[in-house]
Amino acid sequence: HICAIVFGIFLGGFYVIFSTGGLNAMAEGGHYFTPFGDLGVSQALSWAFINFTLGVLAQPVINTASSARTFAEGKKGIVIGNLIAIPVVIMAALCGIIAKYRFPEINSLAALPALIAVVPPWVAVFFLISMWAPLMSSGSPFLMGATTLAVKGYVAPLFGMESDRKILLASRVTTLVIGGLSLAMGFFVREILREVTWLAVFLSAIVYIVFAGWFARGMKSSFAFAALLGTVIIMVLSFITGLQRTIHPLWPVTVYVAIVMGIGLLGREKDAGGA
């Protein structure tokens with residue numbers, strides 16, 4: 001996926017840069033500037049913050065660190081991997097700027113795909129693959145994270161599962177169920193990037209709980225369960241009321257989890273003081 005992304009985005013990017021002359025024209029004549037595009041401040045910051053939290057669960061990071069022979073090599077691998085990704089992000093941004101120049105009325109989410117129409121087919125194939133590869137490579141971590149969330153947070157506690165065999169069976173069944181639901185939901189997706197960030201809030205909640213566990217060892221697991229259950233309730237209410245289009249679900253979930261984990265931390269300190 002990384003090879004497909006790097007090759008495709010640079011092939012398509014250099015083609016549109018030199019064939020359209022968009023950067024030169026915009027540099028000479030000026031162009032629009034809105035810091036957060038047509039997404040708005042809240043949406044743009046929400047997307048950035050979600051990706052920041054999901055870096056903890058990113059499968060490439062986990063694989064690089066886990067497969068290294070030593071701790072030092074794992075750190076080097078993670079740094080090198082991110083250095084490889086930085087030029088890709090810059091090229092994607094340049095392509096987005098040119099797309100806005102060529103198609104001024106188009107919205108931000110459709111800017112990059114619109115460039116497919118201005119490149120020849122032999123470039124468009126690789127350019128399109130480079131756009132889809134990040135989503136495809138994100139699919140398996142999202143599915144694994146969702147399975148972990150469901151099994152460890154809900155299924156195992158509710159049914160009292162403790163043996164590895166039962167948890168493994170539950171994980172396989174849960175993976176199939178979530179995969180089937182995801183496939184069904186795919187038929188109703190209109191803006192894949194925006195809606196993926198909504199679903200990613202569940203994984204962000206896990207990251208919050210993991211961090212809370214690092215800094216507050218000994219906290220009762222019931223607080224983690226309450227945080228996860230509240231996250232589901234907040235997400236459901238957001239979609240029922242349509243609030244997710246005004247306020248990204250990440251923010252109410254963040255506040256709620258912080259409150260629950262804070263109460264758990266105070267309760268732990270109180271128990272420790274009494275002991």
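Residues L250 and V201 come closest through the heavy atom pair N-CG2, 3.8 Å. L115 approaches C95 most closely through the heavy-atom pair CD1-O, 3.3 Å. Here the closest non-hydrogen pair linking V260 and A226 is CG1-CB, 4.3 Å. Closest non-hydrogen pair, G13 versus M91, comes out as CA-SD, 3.7 Å. Nearest heavy-atom pair across L128 and I116 is N-CD1, 4.0 Å. Among all heavy-atom pairs drawn from P252 and I247, the shortest one is CD-CG2, 4.2 Å.
Rounding to the nearest 0.5 Å places OH of Y208 at 2.5 Å from OG1 of T254. For the atom pair OG of S171 and CG of D164, the computed distance is 10.0 Å after rounding to the nearest 0.5 Å. Rounding to the nearest 0.5 Å places CG of L45 at 6.0 Å from CH2 of W251. In this structure, OH on Y15 lies 7.0 Å from CH2 on W122, to the nearest 0.5 angstrom.
Linking Ile, Leu, Val, Met, Phe, Trp and Tyr whenever their side-chain heavy atoms come within less than 4.5 Å puts L237 and V232 in one cluster. Cluster annotation: F159 is not connected to L176 through the hydrophobic network of ILVMFWY side chains, with a link wherever side-chain heavy atoms come within less than 4.5 Å. Linking ILVMFWY side-chain heavy atoms closer than 4.5 Å, directly or via other members, places L83 and V89 in two distinct hydrophobic clusters. Follow the hydrophobic side-chain contacts under 4.5 Å out from L158 and you reach V151 in the same cluster. Criterion: ILVMFWY side-chain heavy atoms under 4.5 Å apart, direct or through other members. Under it, M161 and L168 are not part of a common hydrophobic cluster.
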I would like to know whether I50 and H248 meet side-chain contact (heavy atoms from CB on, under 4.5 Å); could you show each step before the answer? CA-CA 10 Å; I50 282 179; H248 199 285; 3.3 Å; yes
Step by step, would you call S130 with F7 a side-chain contact (heavy atoms from CB on, under 4.5 Å)? CA-CA 8 Å; S130 72; F7 179 75; over 6 Å; no
Would Y256 and T231 satisfy side-chain hydrogen bond (donor to acceptor under 3.5 Å, both in side chains), going step by step from the backbone distance to the final call? CA-CA 8 Å; Y256 171 76; T231 297; over 6 Å; no
Working for side-chain contact (heavy atoms from CB on, under 4.5 Å), residues L11 and F127: CA-CA 7 Å; L11 177 64; F127 202 23; over 6 Å; no
Please determine whether side-chain contact (heavy atoms from CB on, under 4.5 Å) holds for the pair S163 and I167, giving the CA-CA distance in whole Å, both sets of side-chain angles, and the decisive distance to 0.1 Å. CA-CA 6 Å; S163 69; I167 292 178; over 6 Å; no
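V125 shares a hydrophobic cluster with I129; the chain of contacts runs through ILVMFWY side chains whose heavy atoms sit under 4.5 Å apart.
There is no side-chain donor-acceptor pair under 3.5 Å between T147 and T174.
Using cut-offs of 30° and 60° on the angle between ring planes, the pair F14 and F10 is tilted.
V118 is listed as a side-chain neighbour of F103, based on a closest heavy-atom distance under 4.5 Å.
Under the salt bridge (Lys or Arg N to Asp or Glu O under 4.0 Å) criterion, R165 pairs with no residue, sequence neighbours left out.
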